[in-house]
Each structure stands twice: as structure tokens, then as C-alpha cells.
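Along the sequence shown, residues are numbered consecutively beginning with 1. Because the structure is predicted, anything quoted here is derived from the model rather than measured.
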Amino acid sequence: MQFYYKHCLPLFLLFLHLLCYISIVQALNKNVPALLVFGDSTVDPGNNNHISTVFKCNFPPYGREFVNHTPTGRFTDGRLSTDFVASYIGVKQFVPAYLDPTLDTQELVTGVSFASGGSGFDPLTPTLSNVIPLSKQLEYFREYKKRVESSIGKQGTENLINNALFVVSAGTNDFVVNYYSVPIRRQIYTISSYQQFLLQKVKAFVQDLWEEGARKIGVAGLPPMGCLPIVDTLYSNNTIIQHGCIEKYSSVARDYNQILQIELNSMQLSLANQGASIQYVDIYGSLIDMIQDHEKYGFAEVNVGCCGSGYIETSYLCNNLTTNVCTDASKYVFWDAIHPTEKAYSIVFESIRPTIDVIVNGKVDLISNG
């Protein structure tokens, strides 16, 4: 018996190692071998769990619709749009947080999220919540490349990065948490000049990704910010009497998105002959359609979140101890006062799927600005 274990155990371990290697090779042979994500709470699957910040959600009722009802650190009741994207392109079912210490080689190779809830393009924004700035997320990405290189080699890593799908989703916090809530930027910038300031940061970040080897890049625009329950609560003159979208803030988002499209188109044109596939990802359209034509999607409530009163609750204010939670989140566009429900995220994904196809297949779709 001892002879059996002595000789069979090494063979078993070798077999497991071989299976792991085969799965990695299969992933690398796919058209898109990995999904790499940067940004804020719209795409953070739990990085904030591992840093010192009050902006966390790794507790119930968050994650109520996730596998095993697990509060993973996603700021919603279930999956994020990037989880649906990962499943769609066939790399994995859920995008893990890069800072998760339990990640194995296979999880690393097929992609992770570096995003941090509360972050933004403005360097001031993440300092307000003590979260991970985009510059640090980029540092983590460089670290990620070294870790992957130790498993699949330098050439394998280069091929992985060149063919991976990159998604960047941030910007809302720069306006809602920073510009409109803290007077520092308003003393320096008009709303128009602040938009330009942010867009320069976006372009610089995309350029940094490009220089690190990224070629397939999707950059999400802003949502209809005036429709976020927290914005309505904080800035409406009639919050107690009537709830709804505030056009002023949604208009800012539309203007920003329009300029973002132009800037990304310009980058795409300048880099097209070098294999670039850089695209604007519209999330505004699907969200505003859910709100304005909610019955079409089966939503009953569009002005407040499922958690608590739905007016102000997010992060620690949304919990099972002090707040009530709706029984059916699928009837709500928003899970808490800021973030969409899993159902809303799934609809957003369906709306951006054609854009994902364009980025992945390298068929450039320059958006008309006229």
C-alpha cells in the first residue's frame, strides 16, 4: 500500500499540473483569451474588500442573487455587466478581483478586475473615499503581467495582452462624489472645463493601456446621472413630494459622452494601422430606456433603490440590520441609491453586446458625430 501511494501520488500531481497547463493553453488559443477591467464600483467585484475604506459591500443584502447568495463585494444584488461580458466571450462566468489572495493561475490568465468602488479619473476622487486610484490600478496591471509571465512566459503574456478585451468604466464619481459634492474642483473648473479635464485623463489612461500592450479597449460613458436616486435625493428641490430624473445632471452626462466618443474615435483613427480596436461603450441609452419605458422590461420602480428607503442607502447604509430590502429586486432598476440591479446590468450588457463584438473582432465602427 505504501508503495502504491509513493508512486501514484506524484503521477496524480503531474496529471493535475498537466490539466492546468492544457486549460491555460486552451484559454490562450481563444480569440479573446482574457477580460481585464479597470474603473469604479460598476465593475469592482470585490477589490475594496482588501483595502481600508468605508466604501465596501461584502455583507448582506449585497450578493443576494449571486451564487450561494454570497456578498462578494459587488455593489449590487448579483452579477455585474462585466460578468455577463466574461461569460459571453467564453473566458469565465465571473470576473474575480485582482486583490483576492485565493486567485490561482487559471483565474489570473483568463482575466481579473482591478477596479475599485468609489474611484474615478480625477486623482482627487479616490482620495475622498480612500480607494484605489486608476494610477494604482495600472500599477497592479503591470504587476499582473509579471505574475502571468512567470506561468506562461514573456511571449505568451504579450500575446495574451494583445488579444485580451480591456474594459474601462469610471467617471460618475468624479461628478457625483467629487465635483458636485466637494467645492475644491468647482473653485477651479466650470462644468465644461472639468469635463475636458476628465477627458484628458481618460485619453492618458487609454494611452497607458496601449503602451502596456492593450489593443482591444472599450471605454464606458456615463449613465444618466440625474436619474440616480442619490442625485435626486441630494439635489432635487422636490424630493419629498416627487421623485424623478434631474435633467441638469443627465445633460452633463450626455455632453461628456458625446465628447468622449469624439476623442475615442480620434484615438482609434490614429492607431488603427497598428491594430487598435478602441470603442466607446454606451451605457446611457439602455439605462434611460429602462427608466422611461420601464414596463417594457418588467420594472415597477425606477426612482428609488431596492435597499432601504432607496433614497440614500449604499455601502454600509444598505444592510440587513437597520434597513428593509424589497422582496423582488427584478422589479427595480436600482439595487441601492447608486447602483443598478443584476437585472438592469444584464440589460445593459445586452445593449452593449454589438459593441463588444466590434472590439473583439477588430471591425472598427467609428461613430458618427454629426
Side-chain angles (χ1 to χ4, degrees), residues 39-83 94 97 113 115-120 125-126 128-132 169-170 172-173 175-178 180-181 223-236 239-240 243 287 290-291 299-346 348:
D40 59 19
S41 58
T42 56
V43 288
D44 178 5
N47 283 308
N48 279 15
N49 299 353
H50 308 285
I51 62 174
S52 178
T53 177
V54 297
F55 205 50
K56 296 177 185 282
C57 61
N58 54 337
F59 45 82
Y62 287 97
R64 192 174 71 179
E65 304 303 324
F66 203 78
V67 176
N68 297 323
H69 314 292
T70 305
T72 60
R74 288 167 170 80
F75 287 81
T76 186
D77 57 319
R79 290 166 289 178
L80 302 170
S81 290
T82 40
D83 293 314
F94 312 108
S113 174
S116 176
S119 197
T125 302
L128 299 174
S129 305
N130 195 37
V131 295
I132 307 169
S169 178
T172 301
N173 295 316
F175 291 96
V176 176
V177 176
N178 186 346
Y180 288 115
S181 299
M225 295 189 298
C227 299
L228 302 180
I230 191 70
V231 172
D232 180 35
T233 300
L234 294 175
Y235 304 114
S236 174
T239 302
I240 298 177
H243 291 278
L287 281 168
M290 284 182 243
I291 292 165
F299 291 116
E301 183 55 72
V302 300
N303 296 317
V304 298
C306 165
C307 190
S309 68
Y311 302 144
I312 61 170
E313 290 86 355
T314 190
S315 188
Y316 282 111
L317 293 179
C318 173
N319 60 78
N320 277 346
L321 299 177
T322 63
T323 55
N324 294 318
V325 186
C326 72
T327 56
D328 187 359
S330 70
K331 299 296 183 182
Y332 286 69
V333 171
F334 295 99
W335 166 249
D336 59 20
I338 300 176
H339 307 98
T341 56
E342 178 185 74
K343 179 179 176 180
Y345 275 128
S346 72
V348 169

**Audit row: Thr42, Ser81, side chain to side chain contact (heavy atoms under 4.5 Å, CB included) steps and yes/no** = CA-CA 8 Å; Thr42 56; Ser81 290; over 6 Å; no

**Request:** List the steps, then state whether side chain to side chain contact (heavy atoms under 4.5 Å, CB included) holds for Ser119 with Ile132.
**Result:** CA-CA 6 Å; Ser119 197; Ile132 307 169; 5.6 Å; no

**Prompt:** How far does CG of Leu80 sit from OG1 of Thr82, to the nearest 0.5 angstrom?
**Reply:** 5.0 Å

**Message:** Please check: side-chain N/O of Thr233 versus main-chain N/O of Ile312, any donor-acceptor pairing under 3.5 Å?
**Reply:** no

**Asked** For Phe66, what residues pass the ring-ring contact (aromatic ring centres under 6.0 Å, His included) criterion, not counting sequence neighbours?
**Response** Phe94

**Request:** Identify whether NZ of Lys or CZ of Arg in Lys343 sits under 6.0 Å from the centre of the six-membered ring of Phe299 and within 45° of that ring's axis.
**Result:** yes

**Message:** Could you check whether Ser116 and Asn48, counting side-chain N and O atoms only, form a donor-acceptor pair closer than 3.5 Å?
**Reply:** yes

**Shortest non-hydrogen contact from Asn49 toward Lys56** = O-NZ, 3.3 Å

**Request:** Run the numbers on Ser315 and Val54 for side chain to side chain contact (heavy atoms under 4.5 Å, CB included), then give the verdict.
**Result:** CA-CA 8 Å; Ser315 188; Val54 297; 5.8 Å; no

**Side chains of Arg74 and Thr76, donor plus acceptor under 3.5 Å** = no

**Request:** Not counting sequence neighbours, which residues clear disulfide (SG to SG under 2.5 Å) with Cys318? List them please.
**Result:** Cys307

**Item:** Derivation and outcome, side chain to side chain donor-acceptor pair (under 3.5 Å), residues Thr125 and Asn173
**Value:** CA-CA 7 Å; Thr125 302; Asn173 295 316; over 6 Å; no

**Prompt:** Can you check whether Cys306's main-chain N or O pairs, donor with acceptor, with Lys331's side chain at less than 3.5 Å?
**Reply:** no

**Message:** Between Thr70 (side chain only) and Thr72 (backbone N and O only), is there a donor and an acceptor less than 3.5 Å apart?
**Reply:** no

**Prompt:** Which atom names give the shortest non-hydrogen contact between Thr327 and Arg64, and what distance separates them?
**Reply:** O-NH2, 3.8 Å

**Message:** If I take atom CD1 from residue Ile338 and atom CE from residue Met225, how far apart are they, to the nearest 0.5 angstrom?
**Reply:** 12.5 Å

**Message:** Would you say that more than 12 heavy atoms from the other residues, nucleotides or ligands in this model lie under 6.0 Å from the CG of Asp328, or not?
**Reply:** yes

**Asked** So, the side chain of Tyr332 versus the backbone of Gly310: is there a donor-acceptor pair under 3.5 Å, distance only?
**Response** no

**Prompt:** Given Asn130 and Ile51, is the side chain to side chain contact (heavy atoms under 4.5 Å, CB included) satisfied, shown in steps?
**Reply:** CA-CA 9 Å; Asn130 195 37; Ile51 62 174; over 6 Å; no

**Item:** Distance in Å, Tyr62 OH paired with Thr314 OG1, rounded so as to fall on 0.5 Å steps
**Value:** 4.0 Å

**Fill in**
Between Glu342 and Asp77 the two heavy atoms that sit nearest each other are N-OD1, 2.7 Å

**Item:** Gap separating the CG atom of Asn58 from the CZ atom of Phe75, nearest 0.5 angstrom
**Value:** 8.5 Å

**Atom pair SG (Cys326) and CZ (Phe334), whose distance is rounded to the nearest 0.5 Å** = 13.5 Å

**Asked** Where is the tightest heavy-atom contact between Asp40 and Ala115, given as atom of each residue plus distance?
**Response** O-CB, 3.7 Å

**Message:** For Tyr345 and Asp83, which I'm curious about, is there any donor-acceptor pair between the side chains at under 3.5 Å?
**Reply:** no

**Request:** Measure up the Phe59 and Tyr316 rings against each other and bin them: parallel (under 30°), tilted (30 to 60°), perpendicular (over 60°).
**Result:** parallel

**Complete:** Looking only at heavy atoms, the pair that brings Ala170 and Gly120 closest together is CB-CA, 4.4 Å

**Request:** Write down the atom of Ala337, the atom of Pro229, and the distance for their closest heavy-atom approach.
**Result:** O-CD, 3.3 Å

**Message:** Can you tell me how far apart OG1 (Thr172) and CG (Asn178) are? Round to the nearest 0.5 Å.
**Reply:** 12.5 Å

**Request:** For Thr341 and Ala344, indicate whether the former's side chain and the latter's backbone hold a donor-acceptor pair under 3.5 Å.
**Result:** yes

